[in-house]
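Working notes for the structure below.
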Amino acid sequence: MIDIQLIRKEPDAVRSAIDKLGAEAPIDRILQLDQDRRELLQQVESLRQERNQTSEQIGRMPEGPERQELIERMRGVNLKIGELEGRLKGIEAELETALYQVPNLPHESVPVGADESENPVLRQEREPKEFGFRPLPHWELGPRLGILDFERGVKLSGSRFYVLKGAGARLQRALISWMLDLHVSQHGYTEIYPPALVKEQCMWGAGQLPKFAENIYRDAEEDLWLIGTAEIPLTNLHRDEVLEFDQLPLSYAAYTPCFRREKFSAGRDVRGIKRGHQFDKVEMYKFTAPEDSYAALERIVEDASDVCRALEIPFRVVQMVTGDLGFTAAKKYDLELWAPGSQEWLEVSSVSNCEAFQARRTNIRFRRTPKAKPEFVHTLNGSGLALPRTLIAVLENYQQPDGSVLVPAVLRPWMGGIERIEAAP
RNA sequence: GGAGGGAUGGCCGAGCGGCUUAAGGCGGCGGUCUUGAAAACCGCUGUGGGGCAACCCACCGGGGGUUCGAAUCCCUCUCCCUCCGCCA
C-alpha cells in the first residue's frame with residue numbers, strides 16, 4: 001500500500017498519479033475516514049487516560065462511599081469508551097480495506113500511456129535468423145519429437161495442461177538448474193526453496209489480494225493458497241522483520257511451480273504451452289535500501305538479459321507505460337524472447353520495482369544505524385526466467401531442417417552431453 | 001487425529017487482580033575512573049499511533065470476555081515442545 005501520510009498531505013498528487021494508471025481508488029473516502037479516525041482516537045484516549053488515573057486512585061483508597069462513587073462513575077466512563085471504541089474499530093477496518101485497494105503509484109520516469117500498445121521497446125539484442133524453411137510452432141514440433149503431449153495432459157487435468165516427456169522434460173530441468181546456477185554463482189543471489197502454498201495474509205502482503213482473487217487457486221478447507229509466482233513467498237520471507245542496514249541488499253533466487261486460474265485470459269493463448277494453469281519459473285527477488293532500488297531494478301534486467309544472451313536467442317526489453325504497470329509496480333520492464341515458429345515475442349520475464357508498496361503491506365523494515373528509526377525497505381522482483389516460454393523459444397529457434405532440435409551449447413552440461421533432440425524412430 | 005506442557009522486552013528469566021511505571025540477569029550504547037584497555041561504578045537501552053512540543057494512548061502469542069482496575073481470572077484460536085496413533 002502507499003503511505004497514508006502522502007494521501008493526507010498531497011491528495012491531488014495522488015489523484016493525478018492514479019489517473020495516469022487508468023485506475024481508480026477511494027481517495028476521498030480515505031481522507032474522510034482518516035480524519036474521523038483521528039478525532040475519535042483523541043476522544044477515546046483522553047477517556048482512557050481518565051480511567052487509568054482514576055483506577056489507580058481507587059486502588060489506593062480505603063473502602064467507603066467516596067470510593068463507591070468513583071467506581072460508579074468509572075462504570076459510566078467505561079460505557080462511553082466501549083461505544084467509541086466500537087465506532088473506531090469500524091472506521092479503522094474500513095480505512096484499511098480502502099487503503100489495500102489503492103494501487104502503487106508510478107515512478108516519475110515512467111512514460112504515460114493508456115495500455116500495452118503504447119509500451120516502448122527500449123532495445124533489442126540479436127536479429128531473428130533466416131531459417132531457409134518455414135520454422136514450426138512448438139505445438140507441432142514438440143509432439144512430432146515425442147517430447148510434448150497435449151492429449152494426455154488434457155486427459156489428466158483438462159485444458160491448459162500438458163505433459164513433457166523424455167528430452168523435453170529433461171530440457172526444462174536443465175534450464176532450471178542452469179538458470180539457478182547462473183544467478184547464484186554469477187549474479188550473487190542466494191538460492192531459496194520456499195513453500196508453494198501460503199496463508200491468505202501472504203497474498204495480501206504481496207499485493208495479489210484483493211485485486212486478483214479470481215486468479216488464485218486455494219484449498220477449500222485450510223487457509224492455504226497456491227502461489228502464482230515465487231514473488232509471493234519471497235516477499236513474505238522477511239515479514240515483520242527489522243533488517244540490518246549492512247545486510248542489504250538481500251538477493252534471492254527461487255525455483256517454484258506457479259499456479260494460475262487464468263480466468264482473465266479465457267480463450268487466449270489456448271494453443272501450445274504458452275499459458276497454462278501450472279508452470280515453472282525461476283524468480284529473482286531483492287530487498288534494498290530506498291536509495292538503491294532503481295539501480296537494483298536495472299541490475300535485475302541485466303541478470304535476466306544474461307540468460308537470454310547465453311541462450312543466443314533474439315530478445316528485447318520493453319518498458320511498461322503507466323497504464324500497463326499493474327497493481328504493485330512503480331516501474332516495470334518486460335523481457336521478450338523471439339519465437340520464430342509462433343511468430344511472436346514471448347514475455348519470459350517481468351521485472352518490477354515495487355518500492356515500499358509490498359514492504360508496507362508486509363511490515364519489512366531496516367535500520368540505518370542501531371539506534372535509528374526503522375524505515376521500509378524497497379522490494380524488487382523479476383523472472384529469471386519463466387520456463388514454458390523459454391522452452392518454446394529454445395525449441396523454435398534451435399529447430400533444424402530435418403525436424404530435430406539442437407541443444408543450446410550452454411545447456412549441454414546439464415543435458416548429460418546431449419547435443420540434439422531427435423524424434424524416436 | 002488423541003493426551004499433556006508451554007508462549008513475558010534483543011536474549012535468558014520472575015511476576016498474591018491495585019507502589020509493575022513489567023523484578024533480576026545477560027547483551028548493547030553512553031559516562032566516570034585509566035596513558036590505553038579490562039574490571040568496577042553510574043545512567044540509558046522496544047514497537048506502533050495521536051499531538052508533532054511537553055505529553056498521552058495501546059501492546060506480556062492472536063481474538064473475545066469478567067472487573068473501577070488484567071501479564072495475572074474465564075472462553076477461544078494459532079504456534080512450539082513431549083508422548084501415542086497414522087504416514088512418503
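Proteins come first, then strands; the chains are lettered A, B, ... in the order of their sequence lines, and each starts at number 1.
Salt bridge status for E85(A) with R48(A): present, with a side-chain N to carboxylate O gap under 4.0 Å. Comment: R368(A) does not engage E244(A) in a salt bridge, judged by the lack of any side-chain N to carboxylate O separation of less than 4.0 angstrom.
Taking the P atoms as reference points, A58(B) lies 39 Å from G1(B), given to the whole Å. Taking the P atom of each, C60(B) and G65(B) are spaced 15 Å apart, rounded to whole Å. Nucleotides A40(B) and G4(B) are separated by 48 Å at their P atoms, to the nearest Å. Nucleotides U21(B) and C75(B) are separated by 27 Å at their P atoms, to the nearest Å. Taking atom C1' on both G51(B) and C55(B), the two are 8 Å apart, rounded to the nearest angstrom. Nucleotides A3(B) and C86(B) are separated by 16 Å at their C1' atoms, to the nearest Å.
Nucleotide A37(B) forms a pair with no other nucleotide shown, judged by Watson-Crick or G-U wobble geometry with both contacts under 3.5 Å. Applying the Watson-Crick and G-U wobble criteria (two distances, each under 3.5 Å), C59(B) pairs with G46(B).
Residue E45(A) places its side chain closer to G49(B) than to any other of G49(B), A58(B), C68(B). In the set C68(B), A58(B), G49(B), the nucleotide with an atom closest to the side chain of R37(A) is G49(B). Here the nucleotide nearest the side chain of K373(A), chosen from G48(B), G64(B), G50(B), is G48(B).
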* To do: Show your reasoning for whether side-chain hydrogen bond (donor to acceptor under 3.5 Å, both in side chains) applies to T328(A) and Q358(A).
  => CA-CA 7 Å; T328(A) 59; Q358(A) 292 175 324; 4.6 Å; no

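Put simply, the side chain of R67(A) and the base of G18(B) share a donor and an acceptor less than 3.5 Å apart.
Each of E56(A) and Q42(A) has a nearest nucleotide on RNA chain B; the 5'-most of these lies closest to E56(A). Map N52(A) and R367(A) each onto its nearest nucleotide of RNA chain B; the residue landing nearer the 5' end is R367(A).
Rounded to whole Å, atom P of G48(B) lies 11 Å from atom CD of E375(A). Nucleotide G49(B) holds its P atom 12 Å from the CG atom of D34(A), rounded to whole Å. To the nearest angstrom, P of U66(B) lies 18 Å from CE of M74(A).
In this structure, a donor-acceptor pair under 3.5 Å is present between the side chains of S251(A) and K286(A).
Aromatic ring centroids of F287(A) and H378(A) lie 6.0 Å or more apart.
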